[in-house]
Number of protein chains: 2
Amino acid sequence: MGKTLRDSSKDAAAAATLRLRHAGLRPTRQRVELASLLFKNCDRHVTAESLHDEVTDAGLKVSLATVYNTLHQFTEAGLLRQVIVDSARSYFDTNTGDHQHFFLESEGMLIDIPGESIAVAGVPAPPPGLSVDRVDVVIRVKRA
Amino acid sequence: MGKTLRDSSKDAAAAATLRLRHAGLRPTRQRVELASLLFKNCDRHVTAESLHDEVTDAGLKVSLATVYNTLHQFTEAGLLRQVIVDSARSYFDTNTGDHQHFFLESEGMLIDIPGESIAVAGVPAPPPGLSVDRVDVVIRVKRA
DNA sequence: AACGGGATTAGAACTATTCTAAACTGTGAG
DNA sequence: CTCACAGTTTAGAATAGTTCTAATCCCGTT
């Protein structure tokens with residue numbers, strides 16, 4: 001028989017707990033709740049503010065400071081990736097694989113572009129003493 | 001005969017004044033001083049703070065608010081280009097042509113990469129209703 | 001020289017983010 | 001099962017970068 005809503009919520013929590021343990025993070029209530037929201041569905045892009053609103057709207061109580069802490073810890077642990085496209089706010093991406101982004105600045109919207117589809121050629125060697133850490137491509141788009 | 005230091009300073013100011021008029025900006029003392037610093041030498045990358053320090057160290061008096069206003073007006077007028085690589089501060093680039101950047105985050109240093117040398121292939125068509133505004137490539141580097 | 005509108009300014013205000021210090025809680029030992 | 005403690009959370013203060021405000025100033029025209 002199908003699972004009830006409560007079951008799937010429990011499942012998400014259980015999965016989140018596992019994921020946290022794997023990452024070496026203690027599965028506190030707040031971290032489990034945030035991880036459940038972040039990783040339940042498909043790839044997502046959030047800001048601290050948007051995630052805080054979301055968790056609050058869900059009737060859960062997590063402070064904004066904890067949302068910031070958690071986003072950074074998750075990023076540190078490789079569960080999230082920070083996307084820098086706007087000098088006003090930070091975005092975090094649940095897709096940590098190789099990919100790039102469309103960015104619609106007027107609406108703060110990010111859209112993934114699979115890594116395989118984009119190729120960057122002709123990158124010169126970095127100046128002596130420096131090594132390449134990552135290549136970021138941002139396709140800035142606007143409403144046609 | 002060679003020009004004196006005072007002459008070349010005057011030249012820079014005269015050139016800056018012309019450049020401002022061409023861009024449709026009134027050549028005020030502050031704008032001329034900032035433009036002289038920005039465009040006297042080769043390509044430069046500045047932040048509001050760094051430019052304010054520079055103009056202050058030169059013994060000139062320009063408020064930080066004016067530096068911000070001016071950077072935005074220059075950008076608007078196509079004299080500068082804003083570079084988004086850091087979610088904590090804004091960089092402005094005197095090179096407005098087609099090019100990309102190395103970014104050494106730990107030192108807030110930007111290095112130009114000529115546009116011809118880099119090619120981005122395989123960019124998918126943007127979602128319906130959106131059009132590509134610009135393609136930014138940032139090569140994040142670290143001390144080897 | 002006087003005028004008018006844009007430009008500049010100091011300082012307040014604002015936004016996103018980080019810090020602080022106190023209260024709380026998961027976890028392993030007993 | 002309970003205790004203790006290190007790690008976590010929290011409210012609120014603090015900070016950094018940037019923008020706003022409203023008064024003053026000055027460039028270009030008359």
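Below, read A as the first sequence line, B as the second, and so on, with proteins coming before strands; counting in each chain starts at 1.
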Whichever of B:Lys61 and A:Ala48 has the more 5' nearest nucleotide on DNA chain C, that residue is B:Lys61

Please list, by residue number, the residues of residues 15-33 of chain B whose heavy atoms come closer than 4.0 Å to an atom of DNA chain C; answer none if no residue qualifies.
-> B:Arg26, B:Thr28, B:Arg29, B:Gln30, B:Arg31

Separation of D:dT10 atom P from A:Gln73 atom CD, nearest Å, is 12 Å

Under 4.0 Å: is that the gap between some side-chain N or O of B:Tyr68 and OP1 or OP2 of D:dT18?
-> yes

What distance separates A:Gln100 CD from B:Asp136 CG, expressed to the nearest 0.5 Å?
-> 11.5 Å

Write down the distance between CG (A:Leu64) and P (D:dT9), rounded to a whole number of angstrom.
-> 14 Å

Under 4.0 Å: is that the gap between some side-chain N or O of A:Thr66 and OP1 or OP2 of D:dT9?
-> no

From CZ of A:Phe92 across to C1' of C:dA16 the rounded distance in Å is 11 Å

Mind checking what makes salt bridge (Lys or Arg N to Asp or Glu O under 4.0 Å) contact with A:Asp43, not counting sequence neighbours?
-> none

Other residues, nucleotides, ligands: >12 heavy atoms within 6.0 Å of B:Gln82 CD | yes

d(A:Phe74 CZ, A:Leu20 CG) to nearest 0.5 Å is 5.0 Å

Using atom CZ of B:Arg89 as one end and atom P of C:dT18 as the other, report the distance to the nearest whole Å.
-> 12 Å

Base, sugar-phosphate, or nothing for A:His52, non-hydrogen atoms under 4.0 angstrom?
-> nothing

For atom CD of A:Glu49 and atom P of C:dC14, their distance in whole Å | 16 Å

Would one find more than 12 heavy atoms of other residues, nucleotides or ligands at under 6.0 Å from atom CD of B:Glu105?
-> no

Out of curiosity, B:Arg140 CZ to A:Asp133 CG, how far, rounded to the nearest 0.5 Å?
-> 9.0 Å

Calculate the interatomic distance between B:Leu51 atom CG and D:dT18 atom P; express it in whole Å.
-> 12 Å

Are any of A:His72's side-chain N or O atoms less than 4.0 Å away from OP1 or OP2 of C:dT17?
-> no

Among D:dA11, C:dT17, D:dT9, which nucleotide sits nearest the side chain of A:Asn69?
-> D:dT9

Between B:Ala88 and A:Val62, name the one whose nearest nucleotide on DNA chain D is closer to the 5' end.
-> A:Val62

What does B:Ser90 touch in the nucleic acid at a heavy-atom separation under 4.0 angstrom: a base, only the sugar-phosphate, or nothing?
-> sugar-phosphate

Flag, side chain of B:Tyr91 to backbone of B:Asp86, donor-acceptor distance under 3.5 Å = no

